[in-house]
*Asks:* 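What follows is a single structure, and I will ask about it in a moment.
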Amino acid sequence: MDIKITRARSYLGAMWRYENKPGLGIYFGKPLMEDYMKKDPTITWESILLHEMCHVWQYIKIPNDKEAHSPRFMDKLRAVEKLTGIPQYWNFED
């Protein structure tokens with residue numbers, strides 16, 4: 001799996017499926033992440049990576065799930081937060 005840090009300002013982190021080849025990628029939009037990390041202490045590199053890894057789980061385990069932050073995704077994110085002790089960001093409406 002590719003994990004890259006980009007200069008994108010349109011996302012904090014994102015999971016992509018490659019159209020023409022197998023595999024998934026996790027991308028971090030560094031400028032926007034740094035802005036958000038200054039405003040909210042729950043947003044860390046680790047929390048964003050765990051969040052995006054939950055999207056990878058979602059893509060593999062429930063491929064027909066059309067809602068990015070579905071109830072099953074949120075359950076997985078809650079379980080990961082409890083297991084790791086790394087606070088997650090929950091206000092996805094921003």
*Asks:* Short question: side chain of Gln58, backbone of Lys76 - any donor-acceptor pair under 3.5 Å?
*Replies:*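 Checking the backbone N and O of Lys76 against the side chain of Gln58, no donor-acceptor pair under 3.5 Å is found.
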*Asks:* I'd like to check the side chain to side chain donor-acceptor pair (under 3.5 Å) partners of Arg78; sequence neighbours left out, ordered by chain and number.
*Replies:*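 Residues passing side chain to side chain donor-acceptor pair (under 3.5 Å) with Arg78: Asp75.
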*Asks:* To the closest 0.5 Å, what do you measure between OG1 (Thr84) and CD (Glu46)?
*Replies:*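 The OG1 atom of Thr84 sits 9.5 Å away from the CD atom of Glu46.
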*Asks:* Rounded at 0.5 Å granularity, tell me how far OH in Tyr36 sits from OG1 in Thr44.
*Replies:*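 So the OH of Tyr36 and the OG1 of Thr44 are separated by 15.5 Å.
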*Asks:* Would you check, one step at a time, whether the test side chain to side chain contact (heavy atoms under 4.5 Å, CB included) holds for Glu67 with Arg72?
*Replies:* CA-CA 10 Å; Glu67 185 183 346; Arg72 289 188 64 192; over 6 Å; no
*Asks:* Whether Lys30 engages the ring of Phe28 as a cation-pi pair (distance to the six-membered ring centre under 6.0 angstrom, angle to the ring normal within 45°) should be assessed.
*Replies:*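 Not flagged: Lys30 not positioned over aromatic ring of Phe28.
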*Asks:* Under 4.5 Å side-chain heavy-atom separation, chaining through any Ile, Leu, Val, Met, Phe, Trp or Tyr, what else clusters with Trp57? Say none if it is isolated.
*Replies:*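 In the cluster with Trp57 are Ile62.
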*Asks:* Quick one: does any side-chain atom of Glu52 pair with a main-chain N or O of Ile26 as donor and acceptor, under 3.5 Å?
*Replies:*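 No.
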*Asks:* Please name the pair of heavy atoms, one in Ile43 and one in Met37, separated by the smallest distance, quoted to 0.1 Å.
*Replies:*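 Closest approach of Ile43 to Met37: O-CG, 2.9 Å.
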*Asks:* Are Met74 and Ile60 co-members of a hydrophobic cluster defined by side-chain heavy atoms under 4.5 Å apart?
*Replies:*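 Both belong to a single hydrophobic cluster.
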*Asks:* Checking the side chain of Ser47 only, and the main-chain atoms of Gln88 only, is there a donor and an acceptor separated by less than 3.5 Å?
*Replies:*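 No; judged by distance alone, with no hydrogens or angles, the pair does not exist.
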*Asks:* Tell me if the CE atom of Met53 is crowded by more than 12 foreign heavy atoms within 6.0 Å.
*Replies:*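 Open.
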*Asks:* Drop me the distance from Thr42's OG1 to Ile86's CD1, to the nearest 0.5 angstrom.
*Replies:*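 Thr42 atom OG1 to Ile86 atom CD1 measures 12.0 Å (nearest 0.5 Å).
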*Asks:* Could you walk me through whether Phe73 and His55 pass ring-ring contact (aromatic ring centres under 6.0 Å, His included), step by step?
*Replies:* CA-CA 7 Å; Phe73 170 86; His55 281 302; 4.2 Å; yes
*Asks:* Grab the two heavy atoms, one from Leu77 and one from Tyr89, that are nearest each other, plus how far apart they are.
*Replies:*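 Answer, listing the atom of Leu77 first, then Tyr89: CD2-O, 4.4 Å.
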*Asks:* Look up atom SG in Cys54 and atom CD in Glu81, then write down how far apart they are to the nearest 0.5 Å.
*Replies:*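 Output value for this atom pair is 10.5 Å.
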